[in-house]
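Whatever order the structure lists ligands and atoms in, that order sets their numbers, starting from 1. Values below: every heavy atom of this structure, side chains too, minus hydrogens, waters and symmetry copies. Just so it is clear, the structure is predicted and the values come from calculations on it, not from any experiment.
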Amino acid sequence: MPSLSEAYLSHPVHLHHKHQDFNSLQELPDSYAWTQVDEHHSCNNYRQGVPVVDLNDPNAQKLIGHACQTWGVFQVVNHGIPMSLFSDIQRVGFDLFSLPLHQKLKAARSPNGVSGYGRARISCFFSKLMWSECFTILESPLHHFLQLWPHHYSKYCDVIVEYEKAMKKLAGKLMCLVLGSLGILKEDLQWAGPRGEFNGSRAALHLNSYPSCPDPDRAMGLAPHTDSTLITILYQNNVSGLQVLREGEGWVTVPPLSDGLLVNVGDLFHILSNGLYRSVLHRVLVNRNRQRLSVAYLYGPPQNDKISPHVKLVGPTRPALYRPVSWSEYLGTKAKHFNKALSTIQLHTSINSLFDVNESHNNSFRVN
Ligand SMILES: C=C1C[C@]23C[C@@]1(O)CC[C@H]2[C@@]12CCC[C@@](C)(C(=O)O1)[C@H]2[C@@H]3C(=O)O
Ligand SMILES: O=C(O)CCC(=O)C(=O)O
Ligand SMILES: [Fe+2]
């Protein structure tokens, strides 16, 4: 079975456009001008928007279950991550993205690779470019950080290692809560481990930068997508821009909480929950004045495990809606089919169309 770093070997992405030094642009080039076809509904009172769950609340599991079922996303507070780690990871991000372009390109992601500097992988599905740049780390950042900071790489590596360690622990805890809300115990998942430490799990750390933009109403930071993960844990600096699509409501802005982390259901959890917890479509808008930074911890199963609808969630009235799939296989499928990836592995077309959020929302944003 291919490892995560080999997921795209047969789906290279050649991004033809030249990379951009965003700071040098006073006007939005046509190649970045999107036609927005939907209004930007934004909900400013977060208590009525995306649910916020206090992990110290004795009802946390139930609240998380409700949030996953109704929103596919929630924010957590009292998660145990020290604020200093957020400042440290923010520093890494700002220092990295403010390097001169020629320096960043020394650590460029290869067309069929996962890690390194570049544009969002999904860029190839759109004729317009996104107003963002990103950097993906798979396990160790050493190789690329040596190229970016030949003399100072080690302090940056230390922050990444510490951040990944803290996220892994939190992800295990969140997995137990999300699974628990579906009646699935750690004993029911072979790779959860006896204490729910999910040791074999794999993850990618993905830093996004959205520079301030001269014409934000016509630009797109990150186009609507779902994540190919079990769950994603997102840190956003205190600049808003992230929106999630809520059925019947439209795009809802997720205001950053200084002490909060956003957790969203990814496609692999959508599969594992047999469509009960649906992966959430989200996008990022940009603004005129401030650079936005986010750090996504993209969390998935062990290399050799296939994810399939859990036996406890399958029965005569609810057959398995998806076939088993490994993370790397799914990433390859996503690289080929983008937002139709989930439906390509569905087993029961007629039932599934009721549950497949990707398919139904795929046309709600016109691709230029
Ligand atoms: C493991 C991965 C998931 C991801 C592609 C990647 O190889 C690393 C970055 C991830 C990300 C982040 C932005 C949105 C997204 C769709 C993309 O283009 O790159 C996701 C990918 C995903 O979840 O499918
Ligand atoms: O920048 C954000 O808020 C979201 C980033 C995101 O969706 C991703 O990295 O998958
Ligand atoms: Fe995402």
Practice task
Write out the residue and atom name of the closest protein heavy atom to atom 16 (C) of ligand 1, then the distance separating them to 0.1 Å.
Solution key: Ile122 CG2, 3.6 Å
Problem - Numbered atoms and elements of ligand 1 in range of Val114, under 4.0 angstrom, heavy atoms - result: 7 (O)
Exercise for the section: Please answer whether the main-chain N or O of Ala223 pairs with a side-chain N or O of Arg283 as donor and acceptor at a distance below 3.5 Å. Expected result: no
Practice task
Measure centre to centre between the rings of Trp149 and Tyr153, then say whether the value is under 6.0 Å.
Solution key: no
Problem - Nearest-neighbour protein heavy atom for atom 4 (C) of ligand 1, which is reported as residue plus atom name and distance - result: Tyr8 OH, 4.4 Å
Problem - ILVMFWY network linking Leu85 to Tyr299, side-chain heavy atoms under 4.5 angstrom - result: yes
Handout entry: His206 side, atom NE2; Arg121 side, atom CZ - distance, nearest 0.5 Å
Key = 11.0 Å
Exercise for the section: Give the atoms of ligand 1, by number and element, whose distance to some non-hydrogen atom of Ser228 is under 4.0 Å. Expected result: 22 (C), 23 (O), 24 (O)
Exercise for the section: For atom 1 (C) of ligand 1, grab the closest protein heavy atom and report residue, atom and distance to one decimal in Å. Expected result: Leu331 CD1, 3.9 Å
Exercise for the section: State the CZ-CD distance between Arg323 and Glu329, to the nearest 0.5 angstrom. Expected result: 4.5 Å
Practice task
Taking Trp34 for its side chain and Asp217 for its backbone only, find out whether a donor-acceptor pair lies under 3.5 Å.
Solution key: no
Exercise for the section: Considering only protein heavy atoms, determine whether one is less than 4.0 Å from atom 21 (C) of ligand 1. Expected result: no
Problem - Under 3.5 Å donor-acceptor, His282 side chain and Val280 backbone - result: yes
Problem - Mutual orientation of the aromatic rings belonging to Phe135 and His144 [parallel < 30°, tilted 30-60°, perpendicular > 60°] - result: perpendicular
Exercise for the section: Please say whether His206 places an N or O atom under 3.5 Å from an N or O atom belonging to ligand 1. Expected result: no
Completion exercise
shortest atom 15 (C) of ligand 1-to-protein heavy-atom contact is with His225 CD2, 4.3 Å
Exercise for the section: For Leu148 and Gln103, work out which heavy atoms get closest and say how close. Expected result: O-NE2, 3.0 Å
Problem - Test of proximity, Ala120 against ligand 1: N or O pairs below 3.5 Å - result: no
Dump the pairs for me: ligand 2 N or O, protein N or O, distance under 3.5 Å, to 0.1 Å.
residue, atom, partner, partner atom, Å
ligand 2, 1 (O), Tyr210, OH, 2.6
ligand 2, 1 (O), Arg292, NH1, 2.9
ligand 2, 1 (O), Ser294, OG, 2.6
ligand 2, 3 (O), Arg292, NH1, 3.0
ligand 2, 3 (O), Arg292, NH2, 2.9
ligand 2, 7 (O), His225, NE2, 3.2
ligand 2, 7 (O), His282, NE2, 3.0
ligand 2, 9 (O), Asn208, ND2, 3.0
ligand 2, 10 (O), His225, NE2, 3.4
ligand 2, 10 (O), Asp227, OD1, 3.2

Exercise for the section: Give the intermediate values and the outcome of ring pair (Phe, Tyr, Trp, His ring centres under 6.0 Å) for residues Tyr297 and His79. Expected result: CA-CA 14 Å; Tyr297 184 73; His79 39 62; over 10 Å; no
Problem - Test of ring centre spacing under 6.0 Å for Phe74 and His66 - result: no
Practice task
Report yes if Trp327 has an N/O atom closer than 3.5 Å to an N/O atom of ligand 1; otherwise report no.
Solution key: no
Problem - Distance-only donor-acceptor check, side chains Ser212 and Gln291, under 3.5 Å - result: no
Practice task
Scan Asp227, Asn339, Thr226 and name whichever one has a side-chain hydrogen bond (donor to acceptor under 3.5 Å, both in side chains) with Lys334.
Solution key: Thr226
Handout entry: N/O separation below 3.5 Å, Asn208 to ligand 1
Key = no
Exercise for the section: Find all atoms of ligand 1 within a distance of less than 4.0 Å from any non-hydrogen atom belonging to Leu298, and give their numbers and elements. Expected result: 9 (C), 10 (C)
Handout entry: Where ligand 1 meets Arg121 - atom numbers and elements under 4.0 angstrom, heavy-atom basis
Key = 18 (O)
Problem - Ser132 and Asn208: side chain donor to acceptor below 3.5 Å - result: no
Completion exercise
Given the options Tyr210, Phe97, Trp131, Phe22 meets ring pair (Phe, Tyr, Trp, His ring centres under 6.0 Å) only with Trp131
Exercise for the section: Determine whether any heavy atom of Thr136 lies closer than 4.0 Å to an atom of ligand 1. Expected result: yes
Practice task
Report the distance from atom OG of Ser326 to atom CD of Gln303, rounding to the nearest 0.5 Å.
Solution key: 9.0 Å
Practice task
Could you list which atoms of ligand 1 come closer than 4.0 Å to a heavy atom of Asp227?
Solution key: 23 (O)
Exercise for the section: Kindly compute the distance separating CD1 (Ile233) from CG (Leu170), expressed to the nearest 0.5 Å. Expected result: 4.0 Å
Problem - Under 2.8 Å from the Fe ion (ligand 3) - protein N/O/S, by chain and number - result: His225 NE2, Asp227 OD1, His282 NE2
